[in-house]
Asker: 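Structure in structure tokens, see below.
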Amino acid sequence: MAVSGSKVVFGDVYVDELVSSCGNGFEFLKPKGVYFADRSHISCRKAGMVLRKQEQPLFVCGHYVSPTMSRNSKYNPPFGPRIKSIRTSPLPCSSSRAVHDVSFDGSSSDDQTTSLPQRAIPSEQTLTLVSGSCYLPHPAKVEKGGEDAHFICADEQAIGVADGVGGWAEVGIDAGEFARELMSNSVKAIRDEPKGSVDPARVLEKAHSSTKSQGSSTACVIALHKEGLHAINLGDSGFIVVRDGSTVFHSPVQQHGFNFTYQLESGNNGDLPSSGQVFRIPILPGDVIVAGTDGLFDNLYNNEVAAVVVHALRAGFSPESTAKEIVALARERAVDKNKQTPFAKAAQDAGYRYNGGKLDDITVVVSFITISADMSILIH
């Protein structure tokens with residue numbers, strides 16, 4: 001699900017030439033923790049990899065520009081034919097919690113994260129978030145639309161992603177409904193925020209309190225401010241900041257155990273928004289933000305994502321086209337039986353015998369950080 005302007009919209013659908021195959025070849029049952037109301041036990045922890053051979057992946061992609069960009073660019077949003085309205089009740093007010101400054105430590109030797117320089121942005125320059133997205137559901141979940149959701153609010157300069165926890169399917173619940181409602185409620189909360197001062201933590205608190213669907217999901221909400229990015233992330237979705245071909249920030253994963261992510265659920269079950277990590281991150285013109293669900297970050301290392309970003313920038317790709325390139329590579333890795341991936345490494349560290357990628361829904365939102373005056377030349 002993507003959001004632009006005042007509508008909930010779905011982007012044009014593209015069928016790619018990638019061939020979906022049978023994953024890593026192991027009879028591997030991956031635990032996927034789900035909270036239940038009484039919190040006395042954790043069930044639905046195993047979900048087999050259900051794959052359909054010879055089924056073409058289905059891409060849902062979209063790009064979103066502000067009215068100013070629409071006037072200055074030939075880049076017209078290809079909104080798809082399906083529009084889904086979600087009715088929500090008025091959202092209660094809630095206060096945001098204290099925000100801590102983020103530290104930028106290097107990750108593993110395989111995927112280093114460099115430090116962010118503290119360079120000031122000239123006061124006369126206004127930064128803008130120019131975003132596009134691509135979503136590729138798991139082949140077995142295409143008919144119901146998968147369990148990921150996301151939004152892009154161009155005017156409010158905010159994006160978000162959520163990943164419904166698949167373990168709920170074992171008790172007949174589509175966690176994608178929870179994720180979609182959570183993201184829709186996030187958009188409503190964002191529009192209640194002061195212009196240019198969206199507080200992602202407060203947005204997520206409001207959205208969570210209004211979401212009534214059964215299920216649970218991760219959540220990541222990012223907003224652009226004058227001084228940089230403000231963000232909150234809960235679970236194993238997240239985002240990276242790419243600068244000059246290097247990853248300068250990667251939001252940490254929050255898990256209770258291997259493949260048992262932090263997750264929001266309706267009411268006071270599961271984890272709460274206050275458990276999410278809040279960030280304030282300095283950014284510069286030319287930075288690229290890549291947000292995604294674990295279908296991205298389980299299958300690609302940061303340096304692989306950064307390499308795609310570099311190629312896309314050199315080729316003059318739009319954010320949407322860049323997102324599609326990243327999704328295509330993530331799906332390629334997901335069905336590779338032999339390639340070492342972040343998920344395989346995590347499984348091995350947890351004591352499992354596992355090689356290759358992990359087939360899953362893949363959502364990617366790419367945002368170019370640009371100066372407002374230069375927006376028209378960044379989209380081709």
Asker: Taking 4.0 angstrom as the limit, do Glu227 and Arg280 come out as a salt bridge?
Answerer: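 Arg280 and Glu227: not salt-bridged.
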
Asker: Show your working on side chain to side chain contact (heavy atoms under 4.5 Å, CB included) between Leu264 and Leu204 and close with a plain yes or no.
Answerer: CA-CA 10 Å; Leu264 298 176; Leu204 192 58; 3.9 Å; yes

Asker: Yes or no on salt bridge (charged side-chain N to carboxylate O under 4.0 Å, His left out) for Arg180 and Glu177, after CA distance, side-chain angles and deciding distance?
Answerer: CA-CA 5 Å; Arg180 287 185 284 273; Glu177 289 296 324; 2.9 Å; yes

Asker: Is there a side chain to side chain contact (heavy atoms under 4.5 Å, CB included) between Glu304 and Arg333? Walk through the geometry before answering.
Answerer: CA-CA 11 Å; Glu304 294 177 303; Arg333 291 287 188 270; 3.1 Å; yes

Asker: Between Phe258 and Tyr352, does the ring centre distance come in under 6.0 Å?
Answerer: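 When the ring centroids of Phe258 and Tyr352 are compared, they turn out to be within the sub-6.0 Å range.
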
Asker: Write out all pairs satisfying ring-ring contact (aromatic ring centres under 6.0 Å, His included) with one or both partners inside residues 212-235, taking only residues at least two apart or from two chains.
Answerer: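 Applying ring-ring contact (aromatic ring centres under 6.0 Å, His included) to every pair that reaches into residues 212-235, excluding sequence neighbours, yields His225-His230.
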
Asker: Please round to the nearest 0.5 Å and tell me the distance separating atom CG of Asp287 and atom CD1 of Ile289.
Answerer: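 Reported value, rounded in 0.5 Å steps: 6.0 Å.
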
Asker: Of all the heavy-atom pairs spanning Ser186 and Ala207, show the shortest one and how long it is.
Answerer: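 It is OG-CB, 3.4 Å.
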
Asker: Roughly how far apart are Asp174 CG and Glu147 CD, rounded to 0.5 Å?
Answerer: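 Going from CG on Asp174 over to CD on Glu147, the span is 6.0 Å.
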
Asker: Partners of Gln340 by side-chain contact (heavy atoms from CB on, under 4.5 Å), sequence neighbours excluded?
Answerer: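 Expected list: Tyr301, Ala344, Lys345, Gln348.
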
Asker: Would you find a donor on one side and an acceptor on the other, under 3.5 Å apart, between the side chain of Asp361 and the backbone of His138?
Answerer: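 Yes; at least one donor-acceptor contact below 3.5 Å.
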
Asker: Nearest 0.5 Å, what's the CG-CD1 distance between Leu224 and Ile159?
Answerer: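 Output value for this atom pair is 10.0 Å.
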
Asker: With sequence neighbours excluded, tell me which residues meet side-chain hydrogen bond (donor to acceptor under 3.5 Å, both in side chains) with Thr293.
Answerer: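 In terms of side-chain hydrogen bond (donor to acceptor under 3.5 Å, both in side chains), with neighbours along the sequence ignored, Thr293 is linked to Asp148.
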
Asker: Got a sec, which pairs hit ring-ring contact (aromatic ring centres under 6.0 Å, His included) with one end in residues 170-199, sequence neighbours left out?
Answerer: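 Checked against ring-ring contact (aromatic ring centres under 6.0 Å, His included) - neighbours excluded - no pair reaches residues 170-199.
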
Asker: Between Ala306 and Gly245, what is the shortest heavy-atom contact and its length?
Answerer: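 Nearest heavy atoms, Ala306 then Gly245: CB-O, 3.7 Å.
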
Asker: Donor-acceptor check, side chain of Asn269 to backbone of Glu265, threshold 3.5 angstrom: yes or no?
Answerer: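 Not at all, since once roles are kept as given, no pair shorter than 3.5 Å links the two residues.
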
Asker: Check whether any side-chain heavy atom of Arg331 sits under 4.5 Å from a side-chain heavy atom of Val335, and report yes or no.
Answerer: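 They are in side-chain contact.
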
Asker: For residues Thr218 and Asp236, is any side-chain donor paired with an opposing acceptor at under 3.5 Å?
Answerer: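 No, no side-chain donor-acceptor contact under 3.5 Å.
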
Asker: Are the side chains of Phe317 and His311 in touch, meaning some heavy atoms are under 4.5 Å apart?
Answerer: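 A side-chain contact under 4.5 Å exists here.
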
Asker: For the pair Phe239 and Phe249, name the ring-plane relationship: parallel under 30°, tilted 30 to 60°, perpendicular over 60°.
Answerer: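 Answer is tilted, since the angle falls between 30° and 60°.
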
Asker: Pairing donors with acceptors under 3.5 angstrom, does anything connect the side chains of Ser213 and Glu181?
Answerer: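 Per modelled atom types, Ser213 and Glu181 side chains form a pair under 3.5 Å.
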
Asker: Kindly write out the residues that satisfy salt bridge (charged side-chain N to carboxylate O under 4.0 Å, His left out) with Lys339, not counting sequence neighbours, or none if the list is empty.
Answerer: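 Checked Lys339 against salt bridge (charged side-chain N to carboxylate O under 4.0 Å, His left out); zero matches.
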
Asker: Kindly determine whether Asn303 and Thr247 satisfy side chain to side chain contact (heavy atoms under 4.5 Å, CB included), including the steps that lead there.
Answerer: CA-CA 7 Å; Asn303 59 348; Thr247 303; 5.9 Å; no

Asker: Can any side-chain N or O of Asn185 pair as donor or acceptor with the backbone N or O of Ser210 at less than 3.5 Å?
Answerer: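 Side chain of Asn185 to backbone of Ser210: a pair is present.
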
Asker: Going by side-chain contact (heavy atoms from CB on, under 4.5 Å), name the residues that satisfy it together with Val308, two or more places apart in sequence or in a different chain.
Answerer: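 Residues passing side-chain contact (heavy atoms from CB on, under 4.5 Å) with Val308: Glu325, Ile326, Leu329.
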
Asker: Does CD in Gln214 sit with more than 12 non-hydrogen atoms of other residues, nucleotides or ligands closer than 6.0 Å?
Answerer: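 No, CD of Gln214 has 12 or fewer neighbouring heavy atoms, counting only those of other groups under 6.0 Å.
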
Asker: Please check if any side-chain donor atom of Gln263 sits under 3.5 Å from a side-chain acceptor atom of Ser216, or the reverse.
Answerer: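 Gln263 vs Ser216: donor-acceptor pair found between side chains.
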
Asker: Within the structure provided, determine whether Pro342 and Leu300 are in side-chain contact (heavy-atom separation under 4.5 Å).
Answerer: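 No. Closest side-chain heavy atoms not under 4.5 Å.
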
Asker: Would you say Val253 and Val364 are hydrophobically clustered, going by side-chain heavy atoms of ILVMFWY under 4.5 Å?
Answerer: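 The answer is no; the residues belong to distinct hydrophobic clusters.
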
Asker: For the atom pair OG (Ser217) and CG (Asp163), what is the distance rounded to the nearest 0.5 Å?
Answerer: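 Result: 7.5 Å between the selected atoms.
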
Asker: How many angstroms lie between atom CG of Leu234 and atom OG1 of Thr261, to the nearest 0.5 angstrom?
Answerer: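 These two atoms lie 7.0 Å from each other.
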
Asker: Report the residues that fulfil side-chain contact (heavy atoms from CB on, under 4.5 Å) with Ala307, sequence neighbours left out, ordered by chain and then residue number.
Answerer: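 Once residues adjacent in sequence are excluded, Ala307 has no partner under the side-chain contact (heavy atoms from CB on, under 4.5 Å) criterion.
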
Asker: Any side-chain heavy atom of Ser246 sitting closer than 4.5 Å to one from Asp244?
Answerer: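 Side chain of Ser246 against side chain of Asp244, heavy atoms only: no contact under 4.5 Å found.
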
Asker: Restricting to non-hydrogen atoms, name the atom on Phe279 and the atom on Pro252 that form the minimum distance, rounded to 0.1 Å.
Answerer: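 Shortest heavy-atom separation between Phe279 and Pro252 comes out as CZ-CD, 3.6 Å.
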
Asker: Taking only residues two or more places apart in sequence, or in another chain, which ones meet Thr322 in a side-chain hydrogen bond (donor to acceptor under 3.5 Å, both in side chains)?
Answerer: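 Not a single residue meets the side-chain hydrogen bond (donor to acceptor under 3.5 Å, both in side chains) criterion with Thr322.
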
Asker: Check whether any side-chain heavy atom of Gln157 lies under 4.5 Å from a side-chain heavy atom of Leu127, and answer yes or no.
Answerer: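 They are not in side-chain contact.
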
Asker: Calculate, to the nearest 0.5 Å, the distance between atoms CD1 and OG1 belonging to Ile371 and Thr128 respectively.
Answerer: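 That separation rounds to 9.0 Å.
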
Asker: Got a sec, which residues hit ring pair (Phe, Tyr, Trp, His ring centres under 6.0 Å) with Tyr262, two or more places apart in sequence or on another chain?
Answerer: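 Here the qualifying residues are His256.
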
Asker: How close do Glu320 and Ser133 get, heavy atom to heavy atom, and via which atoms?
Answerer: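 Minimum heavy-atom contact is CG-O, 3.8 Å.
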
Asker: Can you find a side-chain donor-acceptor pair between His250 and Asn302 that sits under 3.5 Å?
Answerer: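 Side-chain D/A pair, His250 to Asn302: present.
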
Asker: Report yes if the side chains of Ile222 and Cys220 come closer than 4.5 Å at any heavy-atom pair, otherwise no.
Answerer: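 Yes - at least one pair of side-chain heavy atoms lies under 4.5 Å apart.
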
Asker: Just jot down the side-chain hydrogen bond (donor to acceptor under 3.5 Å, both in side chains) partners of Ser266, sequence neighbours excluded, or say none.
Answerer: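 Partners of Ser266 by the side-chain hydrogen bond (donor to acceptor under 3.5 Å, both in side chains) criterion come out as none, since no residue qualifies.
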
Asker: If the condition is salt bridge (charged side-chain N to carboxylate O under 4.0 Å, His left out), which residues does Asp298 pass it with, not counting sequence neighbours?
Answerer: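 With neighbours one apart ignored, the set is Lys358.
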
Asker: Where is the tightest heavy-atom contact between Val203 and Glu193, given as atom of each residue plus distance?
Answerer: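 Between these two residues, the closest heavy atoms are CG2-CG, 3.8 Å.
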
Asker: For Val327 and Cys134, work out which heavy atoms get closest and say how close.
Answerer: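 Minimum heavy-atom contact is CG2-O, 3.7 Å.
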
Asker: Start with the C-alpha gap between Tyr135 and Ile362, add the side-chain angles, then the distance that decides, and say whether side chain to side chain contact (heavy atoms under 4.5 Å, CB included) holds.
Answerer: CA-CA 6 Å; Tyr135 174 41; Ile362 305 170; 5.9 Å; no

Asker: Report yes if the side chains of Phe151 and Val161 come closer than 4.5 Å at any heavy-atom pair, otherwise no.
Answerer: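 Heavy-atom side-chain distance check fails, nothing below 4.5 Å.
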
Asker: Who passes side-chain contact (heavy atoms from CB on, under 4.5 Å) against Val288, sequence neighbours left out?
Answerer: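 Per chain and number, Val288 pairs via side-chain contact (heavy atoms from CB on, under 4.5 Å) with Val242, Val290, Val309, Leu313, Val366, Phe368.
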
